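Dropping the structure in here first, questions after.
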Amino acid sequence: KNEVEQSPQNLTAQEGEFITINCSYSVGISALHWLQQHPGGGIVSLFMLSSGKKKHGRLIATINIQEKHSSLHITASHPRDSAVYICAVRETSGSRLTFGEGTQLTVNP
Amino acid sequence: GAGVSQTPSNKVTEKGKYVELRCDPISGHTALYWYRQSLGQGPEFLIYFQGTGAADDSGLPNDRFFAVRPEGSVSTLKIQRTERGDSAVYLCASSLLVGATGELFFGEGSRLTVL
């Protein structure tokens, strides 16, 4: 079992739909990152969370430390949101990040 | 530059050859990370530098892999006697702060193909 698990692995949506991507982890963490990776490999940091909720534009990230679970929501999805979304946790025992396998999101017009 | 720069962007080499991959972090960022990403998978930790020293090199797969950061800025990942299984995208990230407050900034990656 991976330390960081994401669901779903693949997600296809129609433009305008509300999207939720989930991340569960099994280790103690000091922070959780949501990252976006477009074809070609470039990774962009979307959020870094240690508690509660953060919002940036149409993106919302929440984390429940007790349940070891985080969600990334995209409201009013758009084809340009199509990318791989990766959850990564920074363990309390060190500085490394442990990554999930990613969720491939495709938003169709 | 404004972002993390990695060179080369693509490298094709033959099995058994030596390869160097370079990462130029954001100026002033003391923390530097190397990750490796195989097709369809999430990035895998290799090594983390705090300043000039390797604070955690436990992710390096074997002794063919080595990384340096002699002046606390640019880092070079060195791979000896390359094998086909080393083919992957090698990602570098830097951070101004260590620990929970350190937002990561990633380079575009170096795609290594070993024939």
Side-chain angles (χ1 to χ4, degrees), chain A residues 1-10 21 23-25 27-52 54 56 61 63 65 70 72 83-105, chain B residues 2-6 8-11 21 23 26 29-51 53-60 87-113:
Chain A
K1 181 172 163 59
N2 292 336
E3 291 176 337
V4 181
E5 295 204 336
Q6 290 185 232
S7 62
Q9 284 187 308
N10 291 280
I21 299 170
C23 175
S24 296
Y25 53 92
V27 295
I29 69 168
S30 57
L32 181 144
H33 297 251
W34 280 103
L35 309 164
Q36 180 191 57
Q37 186 171 32
H38 280 283
I43 292 179
V44 174
S45 177
L46 299 175
F47 294 103
M48 183 174 61
L49 294 163
S50 54
S51 64
K54 286 190 176 180
H56 185 256
I63 188 168
I65 297 294
S70 176
L72 176 69
V84 175
Y85 291 84
I86 303 172
C87 169
V89 300
R90 188 188 301 275
E91 298 181 32
T92 50
S93 59
S95 293
R96 65 162 66 187
L97 286 183
T98 303
F99 290 76
E101 298 279 320
T103 296
Q104 172 69 61
L105 172 65
Chain B
V4 178
S5 175
Q6 290 189 247
S9 54
N10 278 284
K11 175 70 176 179
L21 306 175
C23 172
I26 292 173
H29 281 197
T30 58
L32 185 147
Y33 304 79
W34 282 101
Y35 294 90
R36 177 169 71 173
Q37 187 174 26
S38 299
L39 190 64
Q41 298 186 8
E44 172 192 20
F45 171 80
L46 294 177
I47 187 170
Y48 154 62
F49 285 91
Q50 178 58 30
D56 182 352
D57 64 357
S58 61
L60 296 177
S87 297
V89 175
Y90 289 81
L91 296 164
C92 176
S94 71
S95 174
L96 179 61
L97 298 172
V98 179
T101 56
E103 184 177 0
L104 285 180
F105 296 84
F106 284 83
E108 293 289 316
S110 292
R111 181 177 299 277
L112 174 65
T113 303

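These values consider heavy atoms only, across backbone and side chains, with no hydrogens, waters or symmetry-generated copies. What you are looking at is a predicted structure, and each value in this text was computed from that prediction instead of being measured.
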| request: Please state whether the side chain, the backbone, both or neither of B:S9 comes within less than 4.5 Å of a heavy atom of chain A. | output: neither

| task | Can you see which heavy atom on A:L35 is nearest to which on B:F106, and at what distance? | result | CD2-CE1, 4.1 Å

| note | Max heavy-atom pairs within cutoff under 4.5 Å with chain A, candidates B:A55, B:G42, B:P43, goes to B:P43

| Taking all atoms of both residues into account, what is the closest heavy-atom pair of A:I86 and B:Q37, and its distance? | CD1-NE2, 4.4 Å

| field | Interchain contact, B:Y35 with chain A, by part (heavy-atom threshold 4.5 Å) | value | side chain

| query | Heavy-atom count around B:Q41 CD within 6.0 Å, excluding the residue itself: above 12? | reply | yes

| request: Using a cut-off of under 4.5 Å on heavy-atom pairs, state which of A:T98, A:L97, A:L32, A:V44 scores highest against chain B. | output: A:L97

| request: Taking all heavy atoms of A:S45 and all of B:E103, pick out the closest pair and write down the distance. | output: OG-OE2, 3.7 Å

